Amino acid sequence: MRREGAPKERELLVGRIIDRSIRNLFPKGYYYESQVMSNVLCVDGEQDPDVLAACAASAALMVSDIPWNGPVGVVRIGRVEGKFVVNPDMDELALSDLNLVYAGSLEKTIMMETQAREISNNDFKLALKLAHAEAVKLIPPQIRLASKVQNQKRSFYPFTVDSDVLEKIRAKAEIAIDTVMGNPSYGKFERGKALANIQNDIEAILKEEGEEKCLKFLPVAFDQVRKEVVIKNIFEKGQRVDGRGLDEVRDLHTEINLFAPLHGSSLFSRGNTQVLCTVTLGAPEDAQKLDSLVGAPKKSFMLHYSFPPYCINEVGKSFGLNRREVGHGTLAEKALVALLPPENDFPYSVRVTSEVMASDGSSSMATVCGGSLALMDAGVPLRSHVAGVSVGLVSKVDEETGKITDYKILTDILGLEDHVGDMDFKIAGTRVGITAIQLDIKPSGIPLDILCEALEPARIGREHILDAMERTIEKPNTEEKENAPHRGYISVERDYLGKLIGPAGSTVKNIERTTGVRISISAEGRVCVLAKDKASYVQAMEMVDSILGKEIEVGNIYTGCVTAIKDYGAFVETEGGSSGLVHISELSHHKVASVRDAVMIGQKLNVMCIGRDAKGNLKFSLKAAMPSTSSVQVKCGESASTAEVGSVTANAARSVAEWGNAAPGAAKTTIGSFPVETITKSERDVLVYKFPEKRKNTSGASNKANDVVGERQEHNGSQKLHDVECERTSKPGSVSQTKGIRAEAEYELERSLRPTSVSQPKGVTTEAENELKPGNVMSNKTIEPQVVIDVEYEAIVYKVKALGAILKLRNGELGKLFFDEGITSSTFQCGDQVLVKCTKIDQTGRPVFILVDSSKQMQT
C-alpha cells in the first residue's frame, strides 16, 4: 500500500475523456477558472470507471452554480461475436472487436474515442446510432437531479469583441489577409510571417489613430477576421489555403531503414508535417507494467509520441508526461496494435517512438503511418499497413437556432484549418476497416449524420496514403539485419523448470550473464530466449539444452566427457547430463588391451548411442562414431602412393607420412586430399597398423610427427588419430628415426627409454614396469615418493596426454606435469629433457611438477 501520487498515463487518459466531454458546453466567452475532480472511491473490477466518471462530472456541473450548457450522457459500446453490447464488463471487453466511448447531448455528438479491429464504416455507423440512443437515456436523470437541488447559476461577464471594434479591424485587415490566404505558394511559416506583418502594420496604424480600444482587442479581432476569410474562400471558391481541393491529401514522402543500427526506422512526411519513427524489440519481461484499477497488468506494445517545441519553431521546456502527447501516442498505439500478431506467435515487447520533426496538422495520424512503416522495416509481422488521416469541418450556423445551415468536409486538414474549423476527426485503419478514432470539436456539438458522412472521405484518403506506403514497403521485412535480435522458445515440462531456473534463479541468471540474452519463463513452462544477435542466441540455447538434457536417441552422435574408467569400459556423460557406458569392445575398430590405452578421465569424446541394456542404461560406442580403418605395411624407400596404401583411409595415410618424419628433400605425394611425404630409403622399415581415432583436439594445435606416446592429434585440430609409443634415437648427422608402435614393440621401447645407469629403489614398483606387463593397466597403488617438494629435477618426457605429460626422473620414478594456457600437448615430444620443480604429492603418491623454465628444455 502507498499514498496516491501524481497522475499516471491511465489517469491522464481518463481526464482527457472527461475534459473533452464537458469543455465545449461552457458558455462562449466564459474564461473563469473552473476545476472538476473525479476520485474513484470504490471499484468492483468488472466495469471500467472512466465512463461513470464522465457522467459524474456532468452531474456535478449540473448541480453546481457554474454556468454550463449540459448535461451529457457517456456510454461504452462493444461488439462480441457480431452483437453490440452496451457498457460491456471487462471480460466482455476482452472478447470485443470494438471499444467505443461516446458522449452526446440530446441532439448532437460531443466526444468520441474508439479502438476497433478493422470494423467497417457501415458497422461503425450502426454502433454510433446505438451509442447516441443509449447516451440520451442518461440525460433526464441528471436534469431531475438538478431540479431537486435548485442551485442558482452564477452570473458572469463574457469576454467578447464589440461589433464596432471588429468592423474597424475587418476594414483594415480583410483584403490583406485574403491576399495571403489566396496564395497557395505560401508554406506554414511563410504564411504565418506574412500575417504577422499585416497585424503589425494594423497595430501601427491604430496607434497613430489613437484607437486604444481597438488595440486592446486587436489579436482576438484579427484572428476572427482571418477565420472568416478562410471559411469564405472554402464556401465561395472551393479553395483551401494551400490550393488543394476539399478531398485532396497533401504530397507524401516515405523512407525506411534510415539508421542501420536500429531494429526499424522510418520517415513519413505529409506536406509540412513530418515524423521520425523508430522500433525497438525487447524481451517479454520488458513489457510495460501498468498500475491500473482494471485491465491488463502489463502491455507488450508501446508507442511513445513526442511533440518538441522546435517542431513548430518555438522555444519551450519539457516537463514529464504531457497530456496531449500521451493522448496522441495512445491513439496511434490503438490504431497499430490491432494488426500485431498474437503474443504466442510474436513474444517480443515492442516499443515505437515518434519524434515530430515538423508539424502542420495531423501529426498523430502521421505517427500511425510512420509507425506502420517502421514496424514492417523491423520485420514485425503486421497483417497489413495502417494509415490515418484527419477530417475537418467548416460550417455556417444560424445565430438564433444554433443549427448548422451549411457545411463542408475537408480531408487531411492543415493546422490552420484545424484552428478555424469546427472539428478534428482523426480516423485510422486499413483497407478492411477502422482501427482507431478520436473526435475533437469546438462547437457545443455536431450532428451525428455529418460524422457518419465524414467516414467515407476518410476511407478514400486513407487508401491513397496506403498506396504510397505500400510502394515503399509492402510486406514485413524478411531480410535478417546484422544486429537484429533473435528469439526462440521451447516448452519445458514443469518437473524440469526448477532445474532450468536453479536456486533463487541462479541458473537462468548465469545464462543471461554469460551470453547477454534475456530469458523469460511462463508458469505453463514456455521458455522464451531473446538475444541481441544470432551468436549469443545459439550459445544460450546450447546452455539451455545442456542443462535440461536432450533426449538420447539411438543412432545419434553426442559429445560427452569421460567420467570414470573401469576394466570393462568407460563411462561417458553427455552435455545434456545423460550417462552411459562405452564398453571396451566399442572403443576402437581394433582390439584394445586396456581401457586406459584408449581414453582418459576428462577426455571429450563423440560417441553414438547404440541402445540400452536390460536395465535401461544407455550404451554408447566410440568406434561407431568414427570411420573404420585398416592396416598396411609401408617399406622405407618405396613411394607411399595411393595404390600402395590400399584400403587405408586418408587420415591413416596422413599418419604414415607424419610418423615417417621424412628428411628434408624427400619426395611428396598425396593420399586422398592430404599431402604426404614419401618415406626415404635411409629410414628403417616401419610396420603401420591400428589407427584408432580418439577424440577432437581440444587445444587446436597439431602434435609434431615424432615419438608421441598416447593420443596423437590431427594437424588441422580435428580428430586425434593415433595411440602409439615409439622409440626415438639420435645419431650424429642423421635425423630422428621411428622404431615402432606400442601394440607389439612396447616393451623394447620402454627399455630404451629407461636410464640404465640409475637403479630403482628397492621395494618400489614403477609404473613403467607395471604397464609393460601385457594385459595390465597402470597400478593405482600408493608408493613412497623419492622426490622432495620445491626441489628442481631433470626429467624425460615419458608420455604425452591431452591434459598433461607423464615425466620420468633419473631414478625411474614417474610424475605428472599438467598443461596450462602456455603449454599444450604439441609443446613436448617423447624423450625431451625438461627442468621441473615438484609442487606437491597427490593422493596416489605421485609427484606433481611444474616447468621451471621452458627455455631450458634440451632435446635428446
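Everything numeric here is computed off the predicted structure, so don't read it as measured data.
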message: Contact between Tyr568 and Leu581 at the side-chain level, heavy atoms closer than 4.5 Å - yes or no?
response: yes
field: Atom of Ile789, atom of Lys840 and distance for their closest heavy-atom approach
entry: CD1-CA, 4.0 Å
message: If you define the side chain from C-beta out and look only at heavy atoms, does anything of Leu382 sit under 4.5 Å from Leu340?
response: yes
- line: Between Phe828 and Val797 the two heavy atoms that sit nearest each other are CD2-CG2, 4.0 Å
Shortest non-hydrogen contact between Ile490 and Met541, atoms and distance: CG2-CE, 4.0 Å
- prompt: How about Asn510 and Met543: do any of their side-chain heavy atoms sit closer than 4.5 Å?
  reply: yes
query: Should Val834 and Phe849 be marked as a side chain to side chain contact (heavy atoms under 4.5 Å, CB included) after you check the CA-CA gap, both sets of side-chain angles, and the distance that decides it?
result: CA-CA 11 Å; Val834 292; Phe849 298 100; over 6 Å; no
message: What I'd like to find out is whether the side chain of Val350 reaches to under 4.5 Å of the side chain of Leu281, using heavy atoms alone.
response: yes
message: I'd like to check Met608 versus Glu586 (side-chain heavy atoms, cut-off strictly below 4.5 Å). Are they in contact?
response: no
- request: Using a cut-off of 6.0 Å, state whether more than 12 heavy atoms not belonging to Glu343 lie near its atom CD.
  value: no
query: Quick check: does any side chain N or O of Tyr558 sit under 3.5 Å from a backbone N or O of Glu553, one acting as donor and the other as acceptor?
result: yes
field: Side-chain H-bond candidate by donor/acceptor type, His583 with Ser585, under 3.5 Å
entry: yes
- prompt: Which atom names give the shortest non-hydrogen contact between Tyr348 and Leu530, and what distance separates them?
  reply: CE2-CD1, 2.7 Å
message: Whether the side chain of Ser588 engages the backbone of Val592 through a donor-acceptor N/O pair (distance < 3.5 Å, no angle test) should be reported.
response: no
query: Can you name the closest pair of heavy atoms from Val595 and Gly569 and give their distance?
result: CG2-N, 3.7 Å
query: Is there a donor-acceptor pair closer than 3.5 Å between any side-chain N or O of Asp832 and the backbone N or O of Gln829?
result: yes
task: Spell out, as yes or no, whether a donor-acceptor pair under 3.5 Å connects the side chain of Thr563 to the backbone of Phe571.
output: yes
- prompt: Do the non-hydrogen side-chain atoms of Tyr793 and Leu807 ever get within less than 4.5 Å of each other?
  reply: no
task: Compare all side-chain heavy atoms of Thr514 with those of Gln539 and state whether any distance is below 4.5 angstrom.
output: yes
task: Kindly check if the number of other-residue, nucleotide or ligand heavy atoms within 6.0 Å of NZ (Lys532) is above 12?
output: no
query: What pair of heavy atoms forms the shortest contact from Val599 to Leu587, and how long is it?
result: CG1-CD2, 4.2 Å
- prompt: So do Asn556 and Cys609 actually touch side chain to side chain, heavy atoms under 4.5 Å?
  reply: no
